[in-house]
Amino acid sequence: MPESTPSAAKSPRVRFAPSPTGYLHVGGARTALFNWLFARHLGGTFILRIEDTDFERSSEEMVGGILEGMRWLGLDWDEGPFFQSERLALYKATAARLLESGHAYPCFCTKEELEQRRGEAAEAGRPLMYDRRCRRIPRAEAQARMAAGDPAALRFAVSESGSTSFDDAVFGRVEIANAEIEDFVLLRSDGIPTYHLSVVADDIDMRLTHIIRGADHISNTPKQVLQYRALGAELPVFAHVPLILGPDKTRLSKRHGATSVLAYKEMGIVPEAFRNFLALLGWTPGATKDANGKDREIFSPQELIERFTLGGISRSNAVFDNDKLAWFNAEYIRALPVDELSRAIQPFFEQAGLNAAPDRLLAVTPLIRERIRFLRDAVSVADFFFLPELAPYDPADLIPQKGDAALALRILQRAREVLGTSSFDHVALEQKLREAATALGVKTGPMFQPIRVAVCGRRNAPPLFETMAVLGRQVCLARIRQAEERLQSLG
RNA sequence: GGCGCUAUCGUCUAGGGGUUAGGACGUGAGAUUCUCAAUCUUAAAACCCGGGUUCGAUUCCCGGUAGCGCUACCA
């Protein structure tokens with residue numbers, strides 16, 4: 001199949017070519033990941049190329065964001081980043097070759113004229129393709145007009161008969177009648193190349209062997225094939241990747257929520273988890289059963305590289321499932337060594353304005369690691385460890401189910417006595433408090449609940465005894481005393 | 001509108017001419033438990049429709065439908 005063409009036998013060269021007209025979004029990130037995985041799998045070269053020929057919409061800021069996103073994801077590139085804005089000479093030379101060989105011609109139609117004609121065509125009949133009128137201008141006349149400084153764009157002269165096809169590594173053979181292909185613009189009248197020209201010129205110049213990109217490019221691939229032929233260049237293998245959709249099955253966009261890769265970083269997604277999730281969105285390693293005969297979902301970066309093939313890419317679009325991403329992330333968080341996880345969540349506390357001393361955070365981490373899906377969640381789960389003063393809570397929460405304020409008060413008083421004397425490790429605390437429960441004739445559930453709320457300021461919290469051990473005697477006693485006061489104020 | 005592509009549980013997918021159509025996320029129930037989580041068990045949940053080929057189609061072919069993409073002097 002396509003993967004075994006002559007060029008593929010050489011060390012493959014692939015690229016990710018984002019346009020800096022926006023941030024690095026998840027679709028782009030997945031395309032980048034597939035290219036990277038493919039290159040790493042085969043020991044090939046992964047190139048980063050910034051397609052910034054749309055000067056109006058491109059910005060340096062976006063370039064920075066894209067690079068940051070790539071680095072965060074751990075997608076290191078071997079060559080580049082190259083900027084198309086710095087390679088204009090190549091495109092002009094390529095355009096000149098096409099003009100000379102008769103594969104391209106100047107077009108003097110203005111943008112306004114074209115728009116008007118398109119509008120008329122839409123209203124009246126059918127084809128809103130360029131009518132090729134400038135193609136009929138005699139060569140001498142065209143040259144004269146160009147010499148006179150008449151602004152002209154350069155268009156590719158597409159054959160009016162026959163068809164153009166290519167073998168896509170994921171979609172198979174794609175064929176389209178040439179009559180359906182417009183005489184597309186190669187060079188704008190200001191001399192800046194369009195995407196159609198610059199991709200081909202660069203892909204040839206950079207000796208790319210495989211073009212792995214979004215399926216939204218499948219329709220204009222024939223335009224590129226035509227240019228490869230006209231330029232006498234060998235065709236790379238095309239592999240189009242289906243699109244990522246939002247929950248409403250339309251193309252993923254801002255209105256679906258976070259689409260910027262960096263937004264996921266800020267949420268506290270672990271890069272490896274994100275990669276694992278993205279890799280499985282539109283690609284499968286095939287059936288890979290684990291020891292229990294179930295298909296595996298978790299793959300280390302190395303396993304992903306080992307298993308990646310273009311053949312595993314699916315043909316249908318995929319909906320981005322935030323819940324599944326959260327699950328992947330939780331899995332990776334739980335697999336992280338405590339010290340690493342501790343360091344990973346540290347910045348989120350800082351960002352929240354909490355002073356989380358590293359050693360204390362390290363002690364807290366094992367207590368919360370099974371309770372967070374995103375790193376950022378650590379703050380809301382564990383803030384009470386670092387708050388000098390507990391945030392206000394409803395004193396009614398101190399009262400256990402099927403109990404009253406008097407009971408809660410008794411429990412808290414008894415707990416305070418125990419905590420005053422017990423050694424402060426979680427084993428001892430648990431033992432002493434259980435004994436106290438027995439002495440009071442209260443079950444452990446109702447017994448521990450008031451203490452939990454008093455100490456943590458909330459009903460749901462990490463395991464009580466470990467938590468108290470980390471908090472320390474002083475803090476626990478003070479918070480319990482405070483809780484008693486609140487209960488009394490309740491009346 | 002034209003052209004192209006696609007179609008298995010709600011979602012991501014495995015599979016493939018004869019299967020109890022498998023797994024994962026999510027959802028429901030239960031177990032465990034100091035709460036919440038985590039964990040374990042378990043349940044519900046799918047082959048878009050119509051023809052054809054065939055002894056037999058979810059699988060192969062054709063058509064329809066739907067969705068998506070392209071239809072710029074954007075990329």
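Chain letters run A, B, ... following the sequence lines, proteins first and then strands; every chain starts at 1. Because the structure is predicted, anything quoted here is derived from the model rather than measured. Worth knowing before you read on, the calculation uses all heavy atoms, side chains too, and leaves out hydrogens, waters and symmetry mates.
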(message) One character per nucleotide, please: for nucleotides 32-46 of chain B, 5' to 3', B when the base has a protein heavy atom closer than 4.0 Å, S when only the sugar-phosphate does, - otherwise.
(response) --BBBBSS-------

(request) Report the base-pairing partner of B/C60 (Watson-Crick or G-U wobble, both distances below 3.5 angstrom), or none. (result) B/G52

(message) With nearest nucleotide decided by heavy atoms, which residue, A/Y195 or A/L243, maps closer to the 5′ end of RNA chain B?
(response) A/L243

(message) Base, sugar-phosphate or nothing for A/S198? Non-hydrogen atoms, less than 4.0 Å.
(response) nothing

(request) Decide side-chain hydrogen bond (donor to acceptor under 3.5 Å, both in side chains) for A/S19 and A/Y195; before the verdict, give the C-alpha distance in whole Å, the side-chain angles of both, and the deciding distance to 0.1 Å. (result) CA-CA 10 Å; A/S19 170; A/Y195 164 75; over 6 Å; no

(request) Please state whether the rings of A/F34 and A/F308 are parallel, tilted or perpendicular, taking 30° and 60° as the class boundaries. (result) tilted

(request) Tell me what A/R118 touches on the nucleic acid: a base, only sugar-phosphate, or nothing, going by heavy atoms under 4.0 Å. (result) sugar-phosphate

(request) Select base, sugar-phosphate, or nothing to describe what A/T250 touches, counting heavy atoms under 4.0 Å on all strands. (result) sugar-phosphate

(message) Just to verify, what does A/R118 make a salt bridge (Lys or Arg N to Asp or Glu O under 4.0 Å) with, not counting sequence neighbours?
(response) none

(request) Give a yes or no on whether a donor-acceptor pair under 3.5 Å exists between the nucleobase atoms of B/A72, that is its base, and the side chain of A/K111. (result) no

Could you list, one pair per line, each protein nitrogen or oxygen that sits under 3.5 Å from a nitrogen or oxygen of nucleotides 59-61 of chain B, together with the distance?
none

(message) Any base atoms under 4.0 Å from A/L433, or only sugar-phosphate, or nothing? Heavy atoms, all strands.
(response) nothing

(message) Regarding A/C109, tell me which of base, sugar-phosphate or nothing describes its non-hydrogen contacts under 4.0 Å with the strands shown.
(response) base

(message) Just to be sure I understand the rule, does A/R251 reach a base, reach only the sugar-phosphate, or reach nothing, if contact means heavy atoms closer than 4.0 Å?
(response) sugar-phosphate

(message) Heavy atoms from C-beta onward define the side chain here; which of B/C68, B/U13, B/C74 lies closest to that of A/T194?
(response) B/C74

(message) So, using salt bridge (Lys or Arg N to Asp or Glu O under 4.0 Å) as the criterion, who are the partners of A/E417 when residues are at least two apart?
(response) A/R414

(request) Check every strand shown and say whether A/T284 touches a base, only sugar-phosphate, or nothing at a heavy-atom separation below 4.0 Å. (result) sugar-phosphate

(request) Return the set of residues passing side chain to side chain contact (heavy atoms under 4.5 Å, CB included) with A/V427 (not counting sequence neighbours), or none when no residue passes. (result) A/D425

(message) Aromatic contact between A/F328 and A/F299, with the criterion being ring centroids under 6.0 Å apart: yes or no?
(response) no

(request) For the pair A/F171 and A/H240, evaluate ring-ring contact (aromatic ring centres under 6.0 Å, His included) and give the outcome as yes or no after the intermediate values. (result) CA-CA 7 Å; A/F171 286 94; A/H240 287 94; 7.0 Å; no

(request) Measure up the A/F238 and A/Y228 rings against each other and bin them: parallel (under 30°), tilted (30 to 60°), perpendicular (over 60°). (result) perpendicular

(message) For a quick check of understanding: with a heavy-atom distance under 4.0 Å over all strands, which category does A/G282 fall into, base, sugar-phosphate or nothing?
(response) sugar-phosphate

(message) Determine whether A/Q84 and A/R87 satisfy the following criterion, side-chain hydrogen bond (donor to acceptor under 3.5 Å, both in side chains), listing intermediate values before the conclusion.
(response) CA-CA 5 Å; A/Q84 291 195 319; A/R87 298 166 57 83; over 6 Å; no

(request) Check if the side chain of A/R57 and the base of B/C74 share a donor-acceptor pair of N or O atoms closer than 3.5 Å. (result) yes

(request) Determine the contact category for A/E180: base if any of its heavy atoms lies under 4.0 Å from a base atom, sugar-phosphate if only primed atoms, P, OP1 or OP2 are that close, otherwise nothing. (result) sugar-phosphate

(message) Is there, by distance only and without an angle test, a donor paired with an acceptor across the side chain of A/S189 and the base of B/C73 below 3.5 Å?
(response) yes

(message) Using a 4.0 Å cut-off on heavy atoms, which residues in residues 217-227 of chain A reach RNA chain B? List them by number, or say none.
(response) A/H217, A/S219, A/N220

(message) Does the structure place the NZ or CZ of A/R30 under 6.0 Å from the centre of the six-membered ring of A/F274, at an angle of no more than 45° from the ring's axis?
(response) no

